[in-house]
Structures are given as C-alpha cells and as structure tokens.
Amino acid sequence: STSKKINKNSILSDQRINSTTVRNYGEYTADEVNEALADPSSNEVTLREVARYLFNTNRLFKVAVEYYPSIAMYCPVAIPTRVGELKGNTMKIQYENVTKYLNKLNLPKEFDQVTTTCCLEDVFYGIEYEDENSYFIKQLHPDYCRISSMEYGCYNFQFDVTFFDKLASNEVDTTLLDEYDLYIKGFFSKAYNAYKASNDQKLRWVEVPAQNSICMKWHNELDYLLPPYASIYSDIQSIEDYKALSLVSEEQANYKIIGFKIPRLDSDGEPKPDNWAVKLTTATMFFNLARNQLSDTIGMFYTPMEFEQISFSGSQTNSRNKVKEATDSLFDSLGHSKLLFNSDNATTLKFSIQVDQGRLFKFYRQLETWVTRKLFYNFKGNWRCQMVDATEHNKEDLVDQYLKLGQYGVPIVPYLCAIVGMNQTDTIALNYIQNDILDIQNAFIPLVSSNTQTGDESENNGRPATKT
C-alpha cells in the first residue's frame, strides 16, 4: 500500500537518492559577503550558504540561531468560528474530530524544524505527507523554491522541476521524482513531464498546491530573502580575527631570542675587521650544541655586533580585551542580551526577554494562520487555531494568570492544559479516565487528621450549657 511504501522510503533522504542534492558551503571572503549584503535580493543563495557555513563552524552563531526555537512552545487551541450554527451533538462530534486532527499533525515536533530553518535562512519551504494515522513535513531544497502568492494570509511557493533532472544513485531503486510523488500523488510527475515534453521555460516553475505545502518567512515584512542574523556576519569575522591575533600574541610572548657575540682581537686598541678571537667553525659548533638543548620557542643567532634585548611580550592583555569587546559587539548586533547565553547579574534581563518574546509571538501568528487554513480546508471554515503566546520563559507566569482568570469563570482549561503539554484530545481522554474509569474523586480519600476533620455538629459537643 501507499502507506507502507512511504514508511519504507521515508528513510531515504534526497542525498541517499542523489548525492548532488547535498549543499556545500564554502568559506566566503569578507568582501564577497559585504557585496551580497549590499544587494540581498540578488544574492539570496550566497547569504543562505554563508549562514549555513557559520552554523556548522561557529558556536556563537549556532547558539544565536537556536535561541528562538529553544524557547518556543507550540500550544495550539482549536476554537469554533460558527457557534450559533453548530449546536448540540454536531458541535461535539466536530470538536472531537478537530482535536484529533491537531493531535495527528504533531505541531510541536514539525514546527521546531520550521522555526529553526526560518531563524537560519529566513524562509522554510516544505511539502506534507498525510494519511489517516500519520503526518510529517519534508523540507525542500530552497535553491529550487521561490515565494509566488498568498492564500488565506499564507505564503504559497513555486518549485523548479529541473530539480528532478538528477539521476538516481546505484544504491537505491527509486528516483527523486518517485519519492516526491509519494507526498503529492502524481503532481510532480505531471509537472515534470509537461516541462520536458514542451521544453517551455514557463513550465519550469510550478506552484505547489496550498493544501499540501507550507511556507514560512521570518522577515515577512520584506519582499526578499534575508537570513535573520546576516547583519552579524562581519562581527563573527571580527571575533575570529581577534582570536587569531590573540593567539599570535600569546605565542610571541613565549618566544625568546638568544644572541652569541663572536669576540674580535684588537690591535693597538682598535678592532680589526674579521679578526675573530675564535674560529667560525668553533663558534658554529658551540652554537649547534646550545641549539640542540633549547626548544623551538627560543631563537638563536651569533653576531659580531652589539645588540639590544629583543622582547615580543607586547600587550597580550589588550588582545584578550579586543576579543571580549568584539564578542560584546556581536550580542549588541544580535539584539539579545548576552546574559541569556552567559549568566551574570543584570536587572534589565527581564525586559530583554520580553522583547525577544514579542518577536517570537509575531512568528506564532504566521503559524496559527497556516494551521487555520488547514482547518478551513478540512472542516469547512467552522474552526480556527490559536497559538498560545507561551515560551519557556513565561509559561509559569501564564499558568498563574489563567488560574486567576478561572476564579472569575473565564473558560481557561484548554489554554492551561496546552501550556503544560496536554492537547485537547489528551485532556478529554485523561478526564474520562480519571472520573469515569478510576473514579479518583471517590477512590482517593485523603488521610484524616485534626487539620482535615470537620467538627461534630451534634448538641452533645462543646461546652455544657449554662443554667439560668
């Protein structure tokens, strides 16, 4: 069956089928990077490759890119949009179907790769595989994708079918075209065959169906691609340069030079040229004896002239300060507090985190709009999705906030459960198990103590009545 086939082929990545799909990221010169930043719309590939290269080679850059994904919490809540039209049993049945559908999408897992890619490259392009029981998103090669339109507030994109010109490897019995047709049945084959038959360049780019695709952009205010951390490329290079200088300074500080002065014989108080007190061969012999006893960090020479002490100690402390200054400048360029990555005492950390959360919440709006579009396709627009504005930083405060609202009768249970990791399907299931199966409210009886006992209200208790 198709389900069995996709489960078998899901272990085959594009790189397994054809090695030329592997993206190589070389080291760019500073001038090349600056030229790309000056015209980002014409240098999307270069900027993306530099981002990937730094992500693979620079720890500071990798930590910065992974910051937003590491604090993000994807807490979807399904909300009906036509309460007056859906009543009684119909509402209940649809609610169960919608929550089960959201549970199948497994959004916390799938959205993690989406957010990480957007923080690294700015845009995520993907196609979806979905059957009755499973769902996952496959990321597409960005060099073969481009944003083309908007639908229901979400991006649509086109795919370059020349991607399938690549031949299959000898290790597998499938092609890229076979693999991709498993995600959207027959779509890519039809588009590719139409292009090859006509060789019409207008057919080279084909828009991927919105029902089976996802496209997210971190900088949705820009009409061109710009990796979110492109502005710190030069700061990263400065840190590496200062580290190299600091290393050279440390090496020079440990370097010493010893000079052997060859004496000359004087005549009438005047030295004669080349009138050595020892033979040059003798001086060389003793020079070599000394050389063999010293490490390579000590230089040696012999000379007939006077020489002054040579020192390379310099100001290695200044070099270290330059590295620290460059690192501080990097965090200033990032817009994040460096305290988030290197703990220290700061009273402004809370406000820095709030700014970061505000940027992440803007991205949540894109995600929830896309999920709402999926619910529109599958449930006729009767439901929408809301992503709770929760992060690893504020989840405890949100729990307190919702508990206080609950005291006034505000319906907060779906939001509260989403924050603590319980989706709406699990909430209903566990509530049924707790109350109807386990009967916990009656079976779990607290231990009786003087603190929990209620008083005996019979008339025989208490102080005897006073006779009047």
Side-chain angles (χ1 to χ4, degrees), residues 22-70 72 113-126 139-148 150 155 157-158 160 205 215-246 322-338 340-341 352 355-356 358-360 362-363 366:
V22 178
R23 285 176 278 173
N24 297 317
Y25 309 103
E27 188 172 359
Y28 288 82
T29 66
D31 290 339
E32 290 173 333
V33 173
N34 290 331
E35 289 176 3
L37 289 172
D39 186 14
S41 60
S42 302
N43 295 278
E44 294 182 357
V45 174
T46 299
L47 294 176
R48 187 162 51 234
E49 289 182 348
V50 172
R52 279 284 180 177
Y53 175 78
L54 292 175
F55 187 81
N56 294 336
T57 59
N58 188 278
R59 176 62 182 169
L60 274 177
F61 188 83
K62 181 179 175 67
V63 169
V65 169
E66 292 178 337
Y67 169 60
Y68 282 118
S70 68
Q113 66 161 330
V114 173
T115 305
T116 301
T117 301
C118 286
C119 288
L120 177 63
E121 301 178 358
D122 190 29
V123 182
F124 178 91
Y125 305 97
Q139 184 178 0
L140 298 182
H141 198 311
D143 290 353
Y144 293 86
C145 302
R146 66 184 184 188
I147 294 175
S148 56
M150 296 278 290
Y155 292 110
F157 66 94
Q158 293 178 328
D160 183 358
W205 290 89
C215 180
M216 295 291 162
K217 191 174 189 301
W218 187 263
H219 286 307
N220 62 342
E221 70 278 5
L222 301 178
D223 60 357
Y224 53 88
L225 181 148
L226 181 66
Y229 297 104
S231 60
I232 69 168
Y233 291 169
S234 59
D235 296 282
I236 293 289
Q237 186 60 50
S238 296
I239 292 176
E240 297 304 319
D241 290 344
Y242 282 125
K243 283 183 177 180
L245 290 174
S246 179
K322 288 296 184 181
V323 175
K324 183 178 184 302
E325 291 173 6
T327 305
D328 291 342
S329 176
L330 169 65
F331 286 112
D332 290 340
S333 300
L334 281 173
H336 304 317
S337 172
K338 67 178 180 179
L340 294 168
F341 309 97
S352 175
V355 173
D356 296 338
R359 185 65 189 86
L360 186 58
K362 289 178 61 179
F363 191 68
Q366 280 194 67

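With hydrogens and angles ignored, the 3.5 Å screen pairs no side-chain donor or acceptor of Asn58 with any backbone N or O of Leu54. For the pair Tyr155 (side chain) and Lys217 (backbone), a donor-acceptor distance under 3.5 Å is absent. Checking side-chain atoms of Gln158 against main-chain N and O of Trp205 turns up no donor-acceptor pair under 3.5 Å.
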Is there a side chain to side chain contact (heavy atoms under 4.5 Å, CB included) between Arg59 and Val63? Walk through the geometry before answering. CA-CA 6 Å; Arg59 176 62 182 169; Val63 169; 3.5 Å; yes
Give the intermediate values and the outcome of side chain to side chain contact (heavy atoms under 4.5 Å, CB included) for residues Tyr67 and Asp356. CA-CA 10 Å; Tyr67 169 60; Asp356 296 338; 2.9 Å; yes
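Atom OH of residue Tyr53 and atom OG1 of residue Thr46 lie 15.0 Å apart, to the nearest 0.5 angstrom. To the nearest 0.5 Å, atoms OG (Ser41) and CG (Leu222) are separated by 10.5 Å. Rounding to the nearest 0.5 Å gives a distance of 9.5 Å between CZ of Phe124 and OG1 of Thr115. Atom NE2 of His141 sits about 12.5 Å away from atom OH of Tyr125, to the nearest 0.5 Å. In this structure, SG in Cys118 is found 10.0 Å from CG in Asn220, a value given to the nearest 0.5 Å. Atom-to-atom distance recorded for Cys119:SG and Tyr229:OH is 5.5 Å, nearest 0.5 angstrom.
The heavy-atom pair separating Arg48 from Asp143 by the smallest distance is NH2-OD1, 2.5 Å. Annotation for Leu226 and Pro40: closest pair CD1-CB, 4.1 Å, computed over non-hydrogen atoms. Closest approach of Pro227 to Ala51, counting heavy atoms only: CB-CB, 4.4 Å. Closest approach of Asp122 to His219, counting heavy atoms only: OD1-N, 2.8 Å. Taking every heavy atom of both residues into account, Pro142 and Glu121 meet most closely at CG-OE1, 3.8 Å.
Within the 4.5 Å cutoff, side-chain heavy atoms of Leu120 are placed close to those of Arg52. Taking the side chain as every heavy atom from C-beta outward, Ile147 and Cys215 approach each other to under 4.5 Å. The side-chain heavy atoms of Val123 and Phe157, taken from C-beta on, include no pair separated by under 4.5 Å.
Tyr68 and Trp218 have tilted rings, their planes meeting at an angle from 30° to 60° on a 0 to 90° scale.
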